[in-house]
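Working notes, beginning with the structure itself.
The chains referred to below are lettered A, B, ... by the order of the sequence lines, with proteins before strands, and numbering in each begins at 1.
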Protein chains: 2
Amino acid sequence: MNLSNTSQYAIRILAYMADKQDSTLINATMLADALIIPYKFLTKIMTELVKANLVVSIRGRDGGYQLKKVASEIKVDDILYIFNDNISDKQCLLGIGVCNKLCKCSMHDQWMKPKLQLQKMFQESSLADIAGEGSKI
Amino acid sequence: MNLSNTSQYAIRILAYMADKQDSTLINATMLADALIIPYKFLTKIMTELVKANLVVSIRGRDGGYQLKKVASEIKVDDILYIFNDNISDKQCLLGIGVCNKLCKCSMHDQWMKPKLQLQKMFQESSLADIAGEGSKI
DNA sequence: AGTAATTACTACTTAAAGGTAGTATTAATT
DNA sequence: AATTAATACTACCTTTAAGTAGTAATTACT
């Protein structure tokens with residue numbers, strides 16, 4: 001039970017960008033070096049973040065990336081959603097199609113409480129909440 | 001954020017076996033048919049469960065499988081552990097090595113509470129707790 | 001002893017995630 | 001206009017998870 005590599009990278013990238021809001025643009029080389037993420041893989045992720053409207057890109061010389069919204073408006077859940085890594089309501093912990101009150105998998109009841117808490121955490125945590133504070137990047 | 005196919009299958013298999021405790025042995029064909037899991041993949045998983053000491057196998061004609069312990073003694077966390085799918089304490093949500101109070105990733109604090117609740121749920125839920133009750137199998 | 005029914009083992013194939021390489025496009029600077 | 005530095009695109013390669021196939025080993029029954 002864990003996040004995909006891609007989601008982990010994306011969260012770290014965006015949290016780093018939120019932390020460096022002062023400098024208008026950050027380019028892929030800077031991000032890849034700072035976060036120790038393979039450059040080519042990072043640019044692939046950046047393009048997805050641009051398409052998902054979380055990031056704006058400026059092409060050409062002196063180009064780079066910046067957040068499209070203020071940090072407090074970008075939630076971790078928004079990031080996970082892009083990479084299909086969020087916790088959906090219907091999704092069954094045991095993978096038996098759709099799970100709900102009427103048609104439960106055997107772990108439905110036990111899963112309910114931690115699931116809601118996880119969802120809440122992802123939905124309420126913004127980049128502003130997680131950026132900075134001298135944490136690992 | 002989800003369990004691997006293999007873990008999902010394993011939980012379903014063991015919950016089903018716990019539910020059918022009356023019939024001493026259950027063979028791979030019965031399990032594969034009942035749970036709609038590919039037969040060959042299921043036997044592979046069963047062999048791992050035997051090696052992990054959760055299941056006993058009887059080889060040869062009229063052979064099959066049965067739980068090695070009583071259902072209440074087998075926790076979901078024990079199953080996830082086998083397939084490296086449990087939630088370890090050290091494991092960092094963002095994949096930046098080891099995460100702890102002294103050396104935190106940016107989501108460490110937010111992750112702590114849901115993580116503990118998830119761990120607790122997996123560690124406290126036994127096959128006896130999740131088997132039966134007319135749930136999907 | 002032979003047959004049938006079962007698990008165990010070994011090896012392979014397929015699909016998805018993770019990662020890399022090269023080229024096209026864009027735009028500022030000279 | 002040419003050069004340079006950046007993102008975007010397309011295609012490929014590598015690794016891991018998921019699934020399949022065939023055979024060996026084991027054991028009850030006849």
Side-chain angles (χ1 to χ4, degrees), chain A residues 1-14 17 23-68 80 82-85 94-96, chain B residues 1-14 17 23-68 79-80 82-86 94-96:
Chain A
M1 189 128 214
N2 45 37
L3 297 178
S4 68
N5 250 342
T6 305
S7 295
Q8 292 177 334
Y9 284 157
I11 294 171
R12 289 174 55 214
I13 291 165
L14 293 168
M17 289 176 71
S23 51
T24 28
L25 283 181
I26 310 184
N27 69 37
T29 304
M30 290 159 65
L31 289 170
D33 288 351
L35 301 168
I36 313 177
I37 297 173
Y39 172 81
K40 280 288 195 179
F41 194 44
L42 179 133
T43 59
K44 211 175 187 176
I45 294 171
M46 294 312 292
T47 301
E48 295 196 69
L49 294 177
V50 170
K51 286 184 179 160
N53 280 302
L54 295 191
V55 165
V56 175
S57 68
I58 310 292
R59 298 179 69 170
R61 185 166 171 167
D62 297 347
Y65 302 98
Q66 69 188 142
L67 297 183
K68 190 158 183 177
L80 298 182
I82 300 169
F83 304 102
N84 206 23
D85 219 358
L94 299 183
I96 322 178
Chain B
M1 189 128 212
N2 46 34
L3 297 177
S4 68
N5 250 343
T6 305
S7 295
Q8 292 177 333
Y9 285 159
I11 294 171
R12 289 173 56 213
I13 291 165
L14 293 169
M17 290 176 71
S23 52
T24 28
L25 283 182
I26 310 186
N27 68 39
T29 305
M30 289 159 65
L31 288 171
D33 288 353
L35 300 168
I36 314 179
I37 297 173
Y39 174 81
K40 280 290 196 178
F41 194 44
L42 180 132
T43 60
K44 211 175 187 175
I45 294 171
M46 293 315 290
T47 300
E48 294 196 70
L49 295 176
V50 169
K51 285 183 179 159
N53 279 304
L54 295 190
V55 165
V56 176
S57 68
I58 310 292
R59 297 180 67 169
R61 185 164 171 170
D62 297 346
Y65 302 98
Q66 67 189 142
L67 296 184
K68 190 159 183 177
I79 307 167
L80 298 182
I82 299 169
F83 303 102
N84 207 22
D85 220 357
N86 62 329
L94 300 183
I96 321 176

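- Counting heavy atoms from C-beta outward, B:Ile11 and A:Leu94 have side chains that approach closer than 4.5 Å.
- Distance from the side chain of B:Phe41 is smallest for D:dG19 among the nucleotides D:dG19, C:dT3, C:dA8.
- The phosphate of C:dG19 (OP1 or OP2) has a side-chain N or O of A:Tyr9 nearer than 4.0 angstrom.
- In this structure, A:Thr6 does not reach the C:dA17 phosphate: none of its side-chain N or O atoms is under 4.0 Å from OP1 or OP2.
- A straight line from NZ of A:Lys44 to C1' of C:dA21 spans 11 Å, rounded to a whole angstrom.
- Side-chain atoms of B:Met30 and B:Asn27, non-hydrogen and from C-beta on, do get closer than 4.5 Å to each other.
- Taking atom CE of A:Met46 as the reference point, atom C1' of C:dT20 lies 19 Å away to the nearest angstrom.
- Checked by atom type and distance alone, the side chain of A:Asp85 never pairs as donor or acceptor with a backbone atom of A:Ser7 at under 3.5 Å.
- Mapping B:Asp62 and A:Pro38 onto DNA chain C by nearest heavy atom places B:Asp62 closer to the 5' end of the strand.
- Annotation: side chain of A:Ile96 is in contact with side chain of B:Arg12 (closest heavy-atom distance under 4.5 Å).
- A:Val55 has its side chain out of reach of A:Ile13: every pair of non-hydrogen atoms, C-beta onward, lies at least 4.5 Å apart.
- Following rounding to the nearest Å, B:Asp33 (CG) and C:dT6 (P) show an atom-to-atom distance of 11 Å.
- For B:Lys40, whose side chain is taken as the heavy atoms from C-beta onward, the closest listed nucleotide among C:dT20, D:dC9, C:dA8 is C:dA8.
- Between D:dT27, C:dA8, D:dT20, one nucleotide has an atom nearer to the side chain of B:Thr47 than all others, and that is C:dA8.
- In this structure, the CG atom of A:Asn5 is 19 Å from the P atom of D:dT14, given to the nearest Å.
- A:Thr29 has no side-chain polar atom (N or O) that falls below the 4.0 Å cut-off from OP1 or OP2 of D:dA6.
- Between the CD1 atom of A:Ile37 and the C1' atom of C:dG18 there is a distance of 13 Å, given to the nearest Å.
- Nucleic acid contact class of A:Tyr39 (heavy atoms, under 4.0 Å, all strands): base.
- Residue contacts shown for A:Ser57 are limited to sugar-phosphate atoms, with no base heavy atom under 4.0 Å away.
- In this entry the distance linking CE of B:Met30 with P of C:dT7 reads 10 Å, nearest Å.
- When distances are taken from the side chain of A:Lys51 to each of D:dA8, D:dC9, C:dA8, the shortest belongs to D:dC9.
- The side chain of A:Asn27 lies closest to D:dA6, out of D:dA6, D:dA8, C:dA11.
- If you check distances only, the side chain of B:Arg59 does reach the base of C:dT7 with a donor-acceptor pair under 3.5 Å.
- For B:Glu48 and C:dT7, the CD to P distance is 16 Å, given to the nearest whole Å.
- Here C:dA21 presents its P atom at 15 Å from CG of A:Leu42, a figure rounded to the nearest Å.
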